[in-house]
Amino acid sequence: MMRSGPRARLEALRKVWRGGREEDGCKEDGCKEDGCKEDGCKEDAGEKTTGKKAASKAKKEEIPIREWWNEPPLKNGQKWRSLRHNGVYFAEEWKPHGEPIIYDGEEIVLPPLAEQYATQFAQVKDNENYGANPVFRRNFFKDWRKQCLVPAKLGRIKDIKKIDWSRLIAWSEAEKERKKSRSKEEKDAEKAKKAAIKEKYGHVWIDGFREELGNFTIEPPGLFRGRGEHPKRGSLKPITWPEDITLNISRDAPVPPCPLEGHKWGAIVHNDSAMWIANWREKLCGQHKYVWASAGASISQRGDMAKFDKARELQYYIDKLRGDYMRKLKSKDATSRQLGLASWIVDVLALRVGMEKNAEEEAETYGTCSLLVEHVELLEGPKLKLEFLGKDSMPYTNTVDVPEEVAAAMGKCLKGKAATDSIFDSISPTTLNSYFKEFMPGLSAKVFRTYNASVTLERELAKSEGLNLSIEEARVFYTNANREVAILCNHMRTVNEESFSAQVDRMQERLKAARKALKERKNKTKDARATLKEAKAEGKPKALEKAKKALERAKALETKQVGRVKKIEADMELKTSTKEIALGTSKINYMDPRITYAWCKKVGMPVEKVFNPALIKKFPWADVAGEDWKFICPREVSGIKIKRVVKKKKSTAKKKSTAKKKSTAKKKSTAKKKATATKKKKSTATKKKSTKKKVTGKRKRGSATAKKAADGDDEDDFVASGDDDDAFTRRKDGDFVASDDDDDLPLRSPVKRSRRSRAVVNYAVDDNDDDE
DNA sequence: TACTCAGACTCAGAAACCTTATA
DNA sequence: ATATAAGGTTTCTGAGTCTGAGT
């Protein structure tokens, strides 16, 4: 098994791609000879000494692309053949600054860890998402006191309101200032140090190729910054030690030495079906954390391409699927109807599937299957209005025209339910995804987002047909298409209104100045023209020549100024039209990069105008797309093998029993959900009333208000009642005047948008298709 | 078989940081 | 030439989805 055909080919290819660059790293990393031999390093080492080195050094920045897409495929489920790395990096320990907090007039210098957390808190003390938020404050103080103060015999610090943080804030500011005013030498030295760390810990050897890691520093202790109304925001994230960490390496790879003296790794595994390099369990929320290769590493690219190919494959199944779910909408069976309606939402509105969440542990956010009655409204038209918090607690607000069937089905799903009941009580993400898989292998809800994002981009870009765009115009055109996709996917960013309007004002001034300058330029051209005319009339060759040159120069300057004005105008247009929209996420994750490459080639714009270096690194495989490459394409061109559509085999009886069980399960959870109070803004008084009435029993997804009542979150600040534990009592000094109101507001104000894209859908009902 | 849950991986915006444009 | 602001990029780590193993 030493040298099979494909293997030999692979090694030959590697020699070309590598350009001899990597055994440097190989030696530095102190790799085992054996391991290298298997990776084909040894042979390269011999070759390297032949002067190739100089060439590769000269082109040091030119990293050869590993054309993994031309390599023989890996075994099913295998992610790598060999894996070697230097472990993970632990950030430097906190160096105590010794600045005290002032508690009730008394200066208290804190022990190192307490100081580290306290300094972090002080830095976000007035930020309304963090330190100024009552839940954040409460969680922070509770954890900090219990974990850091009480053990250090500082239990007398019982009231966060009596803490004066100003010395810590002053220290932080001075530190910032110091950092800013470092000398060039200092900066360079730090840069070099950082680079050395990255050199050692920031890389991994996968199948003999040196790849960058995405993250390699273990998260330092800090305050948990959950998004939205996360119940744990502000809590302390403990230190992660080497003992918590599991490393994944090849069997024959050397175990990286543990960088912290006196410690050792938790475990070493050799799992070639996993992509991670290291993993540990974060102690606060219990979630798994991983160290991965960067997005530009071939191991990541492979997954990326597979994702887009799968989304692209959907085009051959989508008509049938759409026909089916539109028919299901009219079904008398609730499960069927809900499957149809949920599919429509996933497909047309590009919502996420909406897994169930635990309200005690996570912020309450929603997706398709978890939508509540209060999130939707049927309007005349018919129109459907949706308003809820999605992933990352980003507000989703959208009103769309809907087909009559959709409105009717939604009407039925809402009928007889309370505002806080689940709309889709008979289905779940699992049943919905199983339904999708009846049509296409591997199809799940998220594929629709990728599919529809890519289709939207391609559709929008196709509108440039026959426009003959300049490069600058093409860039704007692309950004506008990108914007449509971002709107479809609800990718948003928060805007600081104050600084935004200041920026727009400044831009306006710049535009004004540029326009004025253009006017002057035009006048100068006019003058130059007049001079030329005069010179011609006078018939002096020398003067004529001079005047000609002057006119040319004037014209050139005018054109340049026209360009400047145009650029500012375009920038301004983009700035306002993409004000609350984050374009990056769709570029990185949703739009097939081959569409971008193809279009750029078509309009003659360098792809670098719209893809930053990281994206270029991430999508080298997309460059194979020629200008005629299409995401949506005729079958024979695609090269995609169409698998036979899986016929629905489930008998009606079986399906019904499943539905029934599911429905009972859901009903139970619906009952739990009844504890939910409405999230809409109400007066505090009303809110409190409804809360009292509705809080019952256990619940998975409770309302913010109900939860708050249980947690006592409506306090602004907290007083510890004892030295030994986290028993907190409500502050009695009347200082927390009804501050619960602001805690109930979403962290980001809901955005009203005038228009929102939705996927263009053909409901081609295939009559040959069977249905219940 | 049906359901739950852990594990693994993709997707996400904020903040930090670095570069470029402009005054 | 220099300071500053704007803009773009990278880093960080939280929040989703989905699969498959275990019960």
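First the proteins, then the strands, lettered A, B, ... as listed; each starts at 1.
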Please test A/W276 against A/V269 for side-chain contact (heavy atoms from CB on, under 4.5 Å), starting from the C-alpha separation and ending with a verdict. CA-CA 11 Å; A/W276 52 269; A/V269 299; 3.6 Å; yes
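Atom CG in A/N133 sits roughly 16 Å away from atom C1' in B/dA14 (whole-Å rounding). Counting to the nearest Å, the C1' atom of C/dT11 and the OH atom of A/Y89 are 15 Å from each other. Nucleotide B/dA14 holds its C1' atom 16 Å from the NE2 atom of A/H230, rounded to whole Å. Atom C1' of nucleotide C/dT10 and atom CG of A/N612 are separated by 9 Å, given to the nearest angstrom. With rounding to whole Å, A/K194 atom NZ is found 13 Å from C/dT10 atom P. Between the CG atom of A/N358 and the P atom of C/dA15 there is a distance of 13 Å, rounded to whole Å.
Across all strands, A/F611 comes closer than 4.0 Å to no nucleic acid atom at all (heavy-atom distances). Within the nucleic acid shown, A/K575 comes within 4.0 Å of sugar-phosphate atoms alone, with no base atom in reach, counting heavy atoms only. Across all strands shown, A/W292 has heavy atoms under 4.0 Å from base atoms, whether or not it also approaches the sugar-phosphate.
In the set B/dA6, C/dT13, B/dG13, B/dA6 carries the atom at the smallest distance from any side-chain atom of A/H288. Comparing B/dA6, B/dA14, B/dG13 by their nearest atom to the side chain of A/R227 picks out B/dG13. Which of B/dA6, C/dT13, C/dT10 sits closest to the side chain of A/P220 comes down to C/dT13. Here the side chain of A/K198 is nearest to one of B/dG7, C/dT11, C/dT9, namely C/dT11.
Checking the phosphate oxygens (OP1, OP2) of B/dA8, a side-chain nitrogen or oxygen of A/N279 falls inside 4.0 Å. Note on A/K179: every side-chain N or O is 4.0 Å or more away from OP1 and OP2 of B/dA16. When the side-chain nitrogen and oxygen atoms of A/T494 are compared with OP1 and OP2 of B/dG13, none of them lie within a distance under 4.0 Å. Residue A/Y590 has a polar side-chain atom (N or O) positioned under 4.0 Å from OP1 or OP2 of B/dA12. In terms of phosphate contacts, A/R449 brings a side-chain nitrogen or oxygen within less than 4.0 Å of OP1 or OP2 of B/dA12.
Under the 3.5 Å distance criterion, with hydrogens and angles disregarded, a donor-acceptor pair is assigned to the side chains of A/E211 and A/S298. Using a 3.5 Å distance cut-off with no hydrogens or angles, the side chains of A/N482 and A/S586 do pair a donor with an acceptor.
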Given protein heavy atoms under 4.0 Å, the one-letter contact record of nucleotides 16-23 of chain C, with B base, S sugar-phosphate only and - none, is simply SSBS----
